[in-house]
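Structure provided below as structure tokens; questions to follow.
Protein chains get the first letters and strands the later ones, always in sequence-line order, with residue 1 at the start of each. If you're wondering where the values come from, they're calculated on a predicted model, not measured in any experiment.
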There are 2 protein chains.
Amino acid sequence: MPQSRPGPNLSRIATSLGVSVATVSNALSGKGRVSGQLIEKIREHAAELGYVPSQAGRALRTGRSGVLGLVLPDIANPLFPKIAQAIEFAASAAGYGVLIADSRGDAATQTEAINRLVERSVDGMIIIPRRATRISAAACPVAVIDTASTPGNTVAADHWQGGREIADHLTGLGHRRILIIGNNQESNVQNDRAGGIRSGMRPGMHAETLWIDRLEQAGGIGCPLGLAEKVRQGFTAFAALSDLQALRALTELQQAGINIPTDVSVTGFDDLIWSPVVTPSLTTMRMDMDRIAEIAVSALTDAIKTRVTREGMLVTAETGRVAMQLIVRQSSGPCGPGTKNLRDGEHVG
Amino acid sequence: MPQSRPGPNLSRIATSLGVSVATVSNALSGKGRVSGQLIEKIREHAAELGYVPSQAGRALRTGRSGVLGLVLPDIANPLFPKIAQAIEFAASAAGYGVLIADSRGDAATQTEAINRLVERSVDGMIIIPRRATRISAAACPVAVIDTASTPGNTVAADHWQGGREIADHLTGLGHRRILIIGNNQESNVQNDRAGGIRSGMRPGMHAETLWIDRLEQAGGIGCPLGLAEKVRQGFTAFAALSDLQALRALTELQQAGINIPTDVSVTGFDDLIWSPVVTPSLTTMRMDMDRIAEIAVSALTDAIKTRVTREGMLVTAETGRVAMQLIVRQSSGPCGPGTKNLRDGEHVG
DNA sequence: GCGCTCTGATTAATCGTTTAAGCAAAGCCT
DNA sequence: AGGCTTTGCTTAAACGATTAATCAGAGCGC
């Protein structure tokens, strides 16, 4: 027994008005040749019957499902709410639904997750890769959101520029010795952010990078970063490559009795949910996720419309980098005398 | 021009083996009457051709899309990554895809988001409501994940028990004056958690609740909570109803020079991503989101299979509450002499 | 008047799958 | 041997939309 959906379909509208289904279809889509008044009448009738087209029927005929896949190999990413929200909004504005797929952090199951999406015949995919995983060619157009230096990247925040602005902000406050705190050296995003920060160093300044995952391989997850020692070595600013690491630095420094921002400054990236409400609130770089999502989705829908896309084509966008915005809050301040009593004195920068 | 999908379909397999499509369909689904050896042969051939069934064709015929909708009116919820991951995992194990819908926090557009899902003919929906929004009947089975006291709730963590365990933990450590920190008084979840904590109070103990959103209506977003004053009033434990509020309390107390856990204890809920890595790491209650998702999805798929579900039926599960687990970390400790020097002395519990 | 175009509709095929119904052959019982 | 069930497969009809092809009629120029 073929289950018929509750709502009305094209043929019900057609028989009800005494016309053919083709005419109804044409009237609603505005494609064929239908007289103006008949179009009017059909649309009116369809509206009052509460007609909603069956995506299944349409998909079967056109070969398009009207659904985009969102692949997040690192779904535990705290940015996920913002990403998902932005993509869903942009996609639904373009008439698409969003199907999520997750590989639970395991890189091996990433292809499996992609396959699940292909089986559901998504029209395109947006992939936010973890680390530098090569995206194997899939059976549909693919947009990649990572960072400009990732090969095949479609659109992303300008992480390099973001790093540069953080550096300019800190140097403008008088800081000369900056500790960059990252999580993982293999992350293209974190590398670009760190590169941007280093590009802002002026002569006589010093930047050093601390990679947390290396530390944790020895000390275990959640181990101390030894930041108090770094303060004693003369570092006055701690530029984390993500707000998660900034938060970690902030609490560790506070626990060691170091005051922020009077003693040292702490900055982050991404403007995550806790950043405005911790004490002191975090100075950070915000990415315009809405705009990035919009660009990615429109690049994807363009590729879907013009069917020139060969299988597994990575789509490109005219705008590949979206500027990040500096959000100055309480955790960064002038490099003043407050730090003096904590320093050994030999590093004066 | 009807676009044919790249892969093979049933009829290609059928002609290639000289049988009918019906037989192929039956062989693959194991439904009709097909001889054992022919089943073997067909499945083998299908596998080597890399056959994947068209969801569109199947959906059209069966009236089922094989997709569940996930509605999160409060998508900014920091729990979202865990929720989405758990639901996606449970759904894909049951052979379903997950379509997300978001109402951007706006309660008015919640119905619109639900409608988008209905248009894409999802077979069922999982709704995680914000506040106490009544779920209006939709055109498919609906599972609600909130808390036991929400009418129509399908399955949820046992927030009351979680609160009770936090209370027992803190009283066991000798705390007698506990400040409960919540965000919003209208949240069923937060109310249940607070209720659980209060239920654990023994004679002579005192619990008070601080609602942040009320404070912020006057003081603005991110305003101080005045916790140092509370410490002076004799509170030795701060039990936040979410790790986000716990983090806020933790940093504010640290900034005021109050040491955790030697001076006061701080606990949270949900075991969010930062909880293990801040200093001191957060004692918190973890919910078994995987199990909750599994129960919700199986309740939903059961309702879908047995089509007795009238439109808009809220499904129920045999197990409505899933126990929470106490995670003891560094932010809670004995109510000892460390607090003495900060207290006025009149409240000794 | 004849042929031409243009308009406004219909007819029918098609996408890929599921499934009820039909049918031939074989096996079994009395 | 005749009637019965069982087995193993095929036929065909859907599901709901899109769209190429067709067709009837009107308008019009020469």
Rounding to a whole Å, what distance do you find between A/R12:CZ and D/dA17:P?
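It works out to 10 Å between those atoms.
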With no hydrogens and no angle check, just 3.5 Å: does a side-chain donor-acceptor pair link B/T301 and B/S298?
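The criterion, which ignores hydrogens and geometry beyond distance, is not satisfied for B/S298 and B/T301.
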Residue-phosphate contact under 4.0 Å: A/S11 side-chain N/O, D/dG16 OP1/OP2
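Negative; the distance criterion is not met.
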Side-chain donor or acceptor of A/N153 paired with backbone N/O of A/D146 under 3.5 Å:
yes
Quick check: on DNA chain C, is the nucleotide nearest A/A22 upstream (toward 5') of the one nearest B/S29, or the reverse? Name the residue that is more 5'.
A/A22
Could you pick out which residue, B/G57 or B/V21, lies toward the 5' side of DNA chain D when each is mapped onto its nearest nucleotide?
B/V21
Does D/dT18 have OP1 or OP2 sitting under 4.0 Å from an N or O in the side chain of A/K31?
no
Specify the separation, in whole Å, of atom CG of B/L10 and atom C1' of C/dC15.
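The distance from CG of B/L10 to C1' of C/dC15 comes to 13 Å, rounded to the nearest Å.
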Can you measure A/N26 atom CG to D/dA20 atom P for me and round it to whole angstrom units?
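Spelled out: CG on A/N26 to P on D/dA20 is 10 Å.
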Rounded to the nearest angstrom, tell me the gap between atom CD1 in B/I42 and atom P in C/dT17.
13 Å
Can you tell me the distance, in whole Å, between the CG atom of A/L28 and the P atom of D/dT19?
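Rounded to whole Å, this separation is 13 Å.
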Are a donor atom and an acceptor atom from the side chains of A/T23 and A/S20 found within less than 3.5 Å of each other?
yes
Counting any heavy atom closer than 4.0 Å, what does B/R58 reach on the DNA or RNA strands: base, sugar-phosphate only, or nothing?
sugar-phosphate
Ignoring backbone atoms, test whether A/T23 places a side-chain nitrogen or oxygen under 4.0 Å from the OP1 or OP2 oxygen of C/dA9.
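It does not, given that no N or O in the side chain of A/T23 lies less than 4.0 Å from OP1 or OP2 of C/dA9.
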Just how far, in rounded Å, is P of C/dT19 from CZ of B/R61?
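That distance rounds to 6 Å.
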Answer yes or no: does a side-chain N or O of B/T62 lie under 4.0 Å from OP1 or OP2 of C/dT17?
no
Categorize B/S25 for me: base, sugar-phosphate, or nothing, with a 4.0 angstrom heavy-atom threshold over every strand shown.
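Base, at least one base heavy atom under 4.0 Å.
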Considering only heavy atoms from C-beta outward, does the side chain of A/N26 approach that of A/V34 to under 4.5 Å?
yes
Do any side-chain nitrogens or oxygens of A/S54 fall under 4.0 Å of OP1 or OP2 in D/dA17?
no
Could you tell me whether A/E48 and A/R43 make a salt bridge, using a distance below 4.0 angstrom between a side-chain N and a carboxylate O?
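Answer for the salt bridge query: no.
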Whole angstrom is fine here: how far is it from CG in B/L60 over to P in C/dT19?
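To the nearest whole Å, that distance equals 13 Å.
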Between D/dT6 atom P and B/R33 atom CZ, what is the distance in whole Å?
10 Å
